[in-house]
Amino acid sequence: MKKDRLHYSILNSSISSVIYMLRLIMQFAIRTVFIHFLGKEFLGLNGLFTNILSLLSMAELGIGSSIVYSMYKPLAVGDQPKIRALMQLYKKAYNYIGFLVGIIGLGLIPFLKYMITSDIEMSTIYIIYILFLANSVVSYFFTYKRSMLIADQRTYVTTINDFIFLIVTTVVQILFLFWYPNYVLYLTIQILFTFIGNLSISRITDKEYPYLLDKHHEKLDKETITEIKKNVIGNVSSKIGGVIVMGTDNILISSFVSLTAVGLYSNYTLIVNSVQNLCKQVTNSITASIGNYAATNERSKGYELFKKHFFVNHTLIFFSTVILFNVLNDFIVWWLGDTFVLTEMATILVIVNYAIQVYRNTGFVFIESYGLYWYQRKKAIIEALINLAASLLLLIVFRLGITGVLLGTIISSFGFVIWYEAYIIYKYAFNLPMWNYVKKLAEYLVQIAIASGSSVWLLNQFFTGSPSFTGVIAKVILSVVIGLVWYLLFNFRKNEFRYILRIFQNLLRRGK
């Protein structure tokens, strides 16, 4: 079992990371062509509607991850009847969710005019919004099949499938933007391939797990149903908080600043979210393995696993943050021009917020793997109230614009959420006081501050003038070198560092 967990963890991480890098290149390619042919306002509209649809995703209520958690043990012991019953429950739930999202989404159409300050005709905006909504609704009717592969530690299958269809979608969209630059057509192509990609995953799952096609389904026992209900209630709380905090940024910017400002900010979020998701590809790909670990009653060693996971997460944040502080604005200037650059303070806050959110990855993984949603059910209400109150105060009273929105998110995330999540894990998963977490996170943040500050000061002595591609690459390399020196000085004696070295040694042996 241990060998299988290691095998699937490495396989999921490796494939997910490589494919994600290729996806990232394609995202920048399509974004560049999009901006060239459609402009800043349509880019802002894209960011705004993405946020609105993320708010509608609250209708999912955390059902998916709750049912996936319930599937870990049946998969570990080969209980096919229970797996079929869980999948049927998942299917019914997501069909209802798809219809609910569609209805609520259509109900929001009359309110769009109050969220948007733009010269684009409202009739066009309505059509674009409906297409965004359709793309979201289509995904709900097939997504439940993915859960089987994810819970069975085979995330790499869905990753490869999605990547293949992303390539086709991107190529077709770029060709049509050159031939006929129309946003409505661009979104129609996206909907078509979203549907075909989800249909492909459905067929792959049916082929890999033919027993799911058995029409005879046993009823779930009361204990499982009670567990799912508790996890859904707890998870919906977390879902609401996360969506409100991260999903309202573009809505607030559009309402209080402008749609163009949303477009500028969305370029930064594309970059930092891409880096953040790459980190998640590495750390979250072992969620099912940790869930399997917990389900097979090896929880006594969970704390050691948590410390190792947290250190791996910190390593990713350490190097990525040092690089972002040195090259983020330079990259924007080289890529799009200096008219697309945010203020220095806004850029710093974008990176700080990025680091905070990625540090939470370890908490997300262990809360999901250990099924601790119920215990954090009150978190979302407090989180959302802090975020919205702080953001609106900084926007309306202090008129800080994008900076105010970012500060509001940081205040809620670092001022409350990150500590609350750690408390839940330490109390209910490990039965330990969280003081060690506080000390460790403080130590890690000091490491990043020293490495980032010293590297920015040093590189600014040598790089002056307008940024170039070679200059950006040089800064990235030097950032890694300077960061590596500090990283080794800080960590080379730690047990967690030796653990990372062993992982690389295992990868090298497997490569041979």
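From a predicted model like this one, the values you see are computed outputs, not experimental measurements.
- One N or O on the side chain of Y268 and one on the backbone of L342 form a donor-acceptor pair closer than 3.5 Å.
- Between F306 and F366, the angle of the ring planes goes over 60°, which puts this pair in the perpendicular group of the 30/60° scheme.
- The aromatic rings of Y444 and Y359 sit parallel, their planes meeting at an angle under 30°, below the 60° perpendicular limit.
- Side-chain N or O atoms of N161 include one that pairs as donor or acceptor with a backbone N or O of G197 at under 3.5 Å.
- Checking side-chain atoms of S454 against main-chain N and O of A451 turns up a donor-acceptor pair under 3.5 Å.
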* Determine, step by step, whether T409 and N353 satisfy the side chain to side chain donor-acceptor pair (under 3.5 Å) criterion, reporting the C-alpha distance in whole Å, the side-chain angles of both residues, the deciding distance to 0.1 Å, and the verdict. => CA-CA 7 Å; T409 302; N353 187 47; 5.2 Å; no
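- Checked against a 6.0 Å centroid threshold, the rings of F430 and Y303 count as neighbours.
- Without hydrogens or angle criteria, T321 side chain to F318 main chain gives no donor-acceptor distance under 3.5 Å.
- Residues satisfying the side chain to side chain donor-acceptor pair (under 3.5 Å) criterion with Q276, sequence neighbours excluded, are absent altogether.
- Side-chain contact between I228 and L86 is present, with heavy atoms from C-beta onward closer than 4.5 Å.
- Under the 30°/60° scheme for interplanar angles, the aromatic rings of F311 and F497 are found to stand perpendicular.
- In this structure, F319 has its ring center under 6.0 Å from that of Y487.
- A salt bridge does not link K73 to D79: none of the charged nitrogens lies less than 4.0 Å from a carboxylate oxygen.
- Side-chain atoms of N51 come within 3.5 Å of backbone N or O of N250 as a donor-acceptor pair.
- A donor-acceptor distance shorter than 3.5 angstrom exists from the side chain of N198 to the backbone of T194, with no hydrogens or angles considered.
- Using cut-offs of 30° and 60° on the angle between ring planes, the pair W486 and F490 is parallel.
- Here the side chains of D330 and V333 are not in contact, with every heavy-atom distance at 4.5 Å or above.
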